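Right, one structure below, let's go through it.
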Amino acid sequence: MSIIKDSSAVTTRFAPSPTGSLHLGNARTALFSSLWARKAGGRFILRIEDTDVERSQLRFRDELMADLRWLGLEWDEGPDKGGASAPYLQAERGGFYRTLFKQIEVNGQAYSCYCTADDLELSRKVQRMAGKPPRYAGTCRQLTVVQRTEREARGLRPSLRFAVPIGQTIEFTDVVHGAQRFLSDDIGDFIIRREDGTASFFFCNAVDDSAMGVTHVLRGDDHLTNTPRQLMLLDALGMRRPGYGHVGLLVGTDGAPLSKRHGSTSVLEFRDRGFLPAAILNHLFRLGHSSDTDGWLAAENMPPHFRPEHLGRAPARFDETHLMHWQKETVERMSAEELAAWLGVGDPPDFVELVRHNVVLPDDAVEWRNVMHGDLPPMGRDEQSVIAAAGPGFFAAAAAAFDQSSSNLGALAKILKERTGRKGAELYMPLRVALTGQAHGPELAPLLKLMSPATARRRLEYHAQNS
RNA sequence: GCUCCCUUCGUCUAGAGGCCUAGGACAUUGCCCUCUCAAGGCAAGUACACGAGUUCGAAUCUCGUAGGGAGCGCCA
């Protein structure tokens, strides 16, 4: 693919609207976009689409940027960094939009529309009932100057509508879907400037991508049928068309669009639950995308393995089972320091290493802290039968042996083996259960070494008395 | 309703007419290793939505059917 090889030319962007925290689906397109730029040595732009003053919030903008950074998706140009195409907040680009509105209006490619929300809703309803697509009827398209001034006099503020050309075929090649063809006659005149003077999505999104030199727009499938609108707009303005790639949507385990009822859907939620950026990245990396490797990748190693030509058309299910796997892989690869910091409560390095293979989420460390320092929870069925099978005599011997061996498991086992004739699982399992209350857990030798001798001794003694 | 998109193991995916008795990964199950779990090794099961057509040959091309999804907003 020649467009990919021309590295310096690749410019991608992520353009969220600050109306909520970073959604997994958005995080994925951000990842893909960023990887594409990194792979090609190009630029990755962050643009905030905050033209909807009602819903946009400063708090969400900050959250979005924090979530992106937490994931490690840093942008080259953006609101807080500036860049050649500044500003990167659409709310601050009004002047630019106004120039273009003027141009398009003067050219007769857009017109003032005085229809009210009620008018439009009624019109849509009528069309729907007539079995027609609910498109704008074109009511204001041919308004005379007299009619316009009359409406203005009534105090009606117009919106600006794009006059969709008649009888045109819009064609483009989608990076993931291939050749696309749409008829302009299927598309109604759409609003490009709201009554309050702000630019609508169709307009500013398309115009900014073009003006900022974005070469590859990666976005969700839901935008595929919007693309011809934006293309017509850019053509009308004589602006360069970016390339588009529409990735299959991210859906829940039931195949329905990802929503709250599927559990966690935002990056923040996973972060709060203790998932690591690399785990999330590795999972998203393989959702609707296939790489040349099945293995875990550090974020910095991902770009060369990203393959835009292998972006998926079909919707991909977000399955936490896979996330768990990548989480496990990530934990395995963390340094002792990182692990300690992640677990949070100033655990000593020895403890951290001890529980490393038994921890997927930070909460999993809690029970092992209790095993080391606190009281043992009640034993389960399996554990009880292990204790019963060993019998009080075994633990009496174990306690006695401990007085000689102290916390050296090897020595303890050796003495105990001589005295009881037990070996293997028969020997170790009762010790494990007595010491930890569980049949599963970290390696016994280091665990014993880390446990206070008094505690160990007490736990062995306990079963000598109470079995 | 109209337009568009999608459909390979439970899940993520490979596959661009013969390399496919459909490959890998995750998950599952069994075995090995082992004091347990994890890791590692080995093995097993499970998939081309359906129906026609084109072709010597189709998961791959065409057309239908079914099922999912999106768009048709002064949301993005």
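Computed from a predicted structure; not experimentally measured. Just so you know, these numbers use all the heavy atoms, side chains as well, and skip hydrogens, waters and symmetry mates.
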Under a 3.5 Å cut-off for both contacts, is B:U60 paired Watson-Crick or G-U wobble with anything, and if yes, with which nucleotide?
none
Assigned partner base of B:U55, Watson-Crick or wobble definition, under 3.5 Å:
none
Of all the choices, B:C37, B:C75, B:G1, which nucleotide is nearest to the side chain of A:Arg55 once you look at every atom?
B:C75
Pair assignment for B:A49, Watson-Crick or G-U wobble, requiring both distances under 3.5 Å:
B:U65
Any non-hydrogen side-chain atom of A:Arg333 less than 4.5 Å from a side-chain atom of A:Leu276?
no
Selected nucleotide, minimal atom distance to A:Glu443 side chain, candidates B:U13, B:C35, B:C72
B:C35
Distance test, side-chain N/O of A:His325 to OP1/OP2 of B:C12, below 4.0 Å:
no
With a 4.0 Å cut-off on heavy atoms, is A:Pro257 in touch with a base, just the backbone sugar-phosphate, or nothing at all?
sugar-phosphate
Select base, sugar-phosphate, or nothing to describe what A:Pro315 touches, counting heavy atoms under 4.0 Å on all strands.
sugar-phosphate
Would you kindly say whether A:Asp221 and A:His246 are connected by a side-chain donor-acceptor distance under 3.5 Å?
no
Spacing between A:Arg219 atom CZ and B:A76 atom P, to the nearest angstrom
13 Å
Spacing between A:Asp186 atom CG and B:C4 atom P, to the nearest angstrom
7 Å
Measure from CZ on A:Phe190 to C1' on B:C72 and round the result to the nearest Å.
12 Å
A:Arg135, nearest nucleotide to its side chain (from B:C5, B:C72, B:U13):
B:C72
Indicate, with a heavy-atom threshold strictly under 4.0 Å, whether A:Arg181 touches base, sugar-phosphate, or nothing.
nothing
Using the C1' atom as the point on both nucleotides, what is the distance between B:U60 and B:A14, in whole Å?
13 Å
What contact category does A:His223 fall into here, base, sugar-phosphate, or nothing, at under 4.0 angstrom with non-hydrogen atoms?
base
Are side-chain N/O atoms of A:Arg219 and A:Asn205 paired as donor and acceptor at under 3.5 Å?
yes
What is the separation between atom NE2 on A:His322 and atom C1' on B:U28, rounded to the nearest whole Å?
12 Å
At under 4.0 Å, does any side-chain N or O of A:Arg194 touch on OP1 or OP2 of B:A76?
yes
Starting from P on B:A27, measure out to CG on A:Asp294 and report it in whole angstrom.
12 Å
Looking only at side-chain N and O atoms, does A:Asp208 offer a donor or acceptor that is under 3.5 Å from a partner on A:Tyr97?
yes
Please determine if a side-chain N or O atom of A:His177 lies less than 4.0 Å away from the OP1 or OP2 oxygen of B:C6.
yes
Tell me if a side-chain donor or acceptor on A:Asp119 pairs with a main-chain N or O of A:Thr116 at a distance below 3.5 Å.
yes
Nucleotide opposite B:C19 in a Watson-Crick or G-U pair, distances under 3.5 Å:
none
So, does A:Ser291 get its side chain near the phosphate of B:U13, meaning an N or O under 4.0 Å from OP1 or OP2?
no
Closest nucleotide of RNA chain B for A:Lys132 versus for A:Leu444: which of these residues is on the 5' side?
A:Lys132
Base, sugar-phosphate or nothing for A:Asn358? Non-hydrogen atoms, less than 4.0 Å.
base
Which nucleotide, if any, forms a Watson-Crick or G-U wobble pair with B:A44, using both distances under 3.5 Å?
B:U28
When you compare B:U46 with B:U11, how far apart are their C1' atoms, in angstrom units rounded to a whole number?
12 Å
Does A:Tyr136 have A:Arg161 sitting over its ring (NZ/CZ under 6.0 Å from centre, angle to axis within 45°)?
yes
To the side chain of A:Leu224, which of B:A70, B:C6, B:C4 is closest?
B:C4
What interatomic distance, in whole Å, is found between C1' of B:G57 and the corresponding atom of B:A49?
23 Å
Interatomic distance at P, B:G30 relative to B:C12, whole Å
25 Å
Phosphate OP1/OP2 of B:U3 contacted by A:Thr225 side-chain N/O (<4.0 Å)
no
Without hydrogens or angle criteria, can the side chains of A:Thr436 and A:Arg432 be said to hold a donor-acceptor pair below 3.5 Å?
no
Residue A:Leu287, side-chain atoms from C-beta onward, closest of B:C4, B:C12, B:C74
B:C12
Work out how far the C1' atom of B:C33 is from that of B:G40, and round it to whole angstrom.
8 Å
Between B:G1, B:C35, B:A27, which nucleotide gets closest to the side-chain atoms of A:Thr321?
B:A27
Quick one: look up who B:C72 pairs with, Watson-Crick or G-U, both distances under 3.5 Å, and put none if it's unpaired.
B:G1
Could you please name the option among B:C35, B:C74, B:A76 that lies closest to any side-chain atom of A:Arg161?
B:C74
State whether A:Arg47 and A:Asp209 are salt-bridged, where the test is any N-O pair (Lys NZ or Arg NE/NH1/NH2 against Asp/Glu carboxylate O) under 4.0 Å.
yes
Which nucleotide, B:A70, B:U13, B:A76, lies nearest any side-chain atom of A:Leu249?
B:A70
If you only use heavy atoms from C-beta on, which nucleotide in B:C12, B:C37, B:C4 is closest to the side chain of A:Arg286?
B:C12
Would you classify A:Glu49 as touching base, sugar-phosphate or nothing, given that sugar-phosphate means primed atoms plus P, OP1 and OP2, and contacts are heavy atoms under 4.0 Å?
sugar-phosphate
For the C1' atoms, the ones on B:G10 and on B:A16, what distance do you get once it is rounded to whole angstrom?
27 Å
For the P atoms, the ones on B:G15 and on B:U7, what distance do you get once it is rounded to whole angstrom?
13 Å
Which nucleotide, B:A70, B:A38, B:C4, lies nearest any side-chain atom of A:Glu332?
B:A38
Nearest-nucleotide check on RNA chain B, A:Phe202 vs A:Asp319; residue mapping nearer the 5' end is A:Asp319
Cationic N near anionic O, under 4.0 Å, A:Asp363 to A:Arg273
no
Euclidean distance for C1', B:A47 against B:G24 (whole angstrom):
14 Å
Which nucleotide, if any, forms a Watson-Crick or G-U wobble pair with B:A14, using both distances under 3.5 Å?
none
At under 4.0 Å between heavy atoms, what does A:Arg193 touch on the DNA or RNA strands: base, sugar-phosphate, or nothing?
nothing
Round to the nearest Å and state the distance from A:Leu311 atom CG to B:A16 atom C1'.
17 Å
Heavy atoms only, 4.0 Å cut-off, all strands: where does A:Cys113 land among base, sugar-phosphate and nothing?
nothing
Which whole-number value in Å describes the distance from A:Asp382 CG to B:C35 C1'?
15 Å
Looking for any heavy atom pair under 4.0 Å, which part of the strands does A:Gly441 touch: base, sugar-phosphate only, or nothing?
base
Quickly work out the A:Ile192 CD1 to B:G73 P distance and round it to whole Å.
15 Å
Mate of B:C33 across any strand shown (Watson-Crick or G-U wobble, both atom pairs under 3.5 Å) is none
Any side-chain donor near an acceptor of the partner, A:His325 and A:Asn282, under 3.5 Å:
no
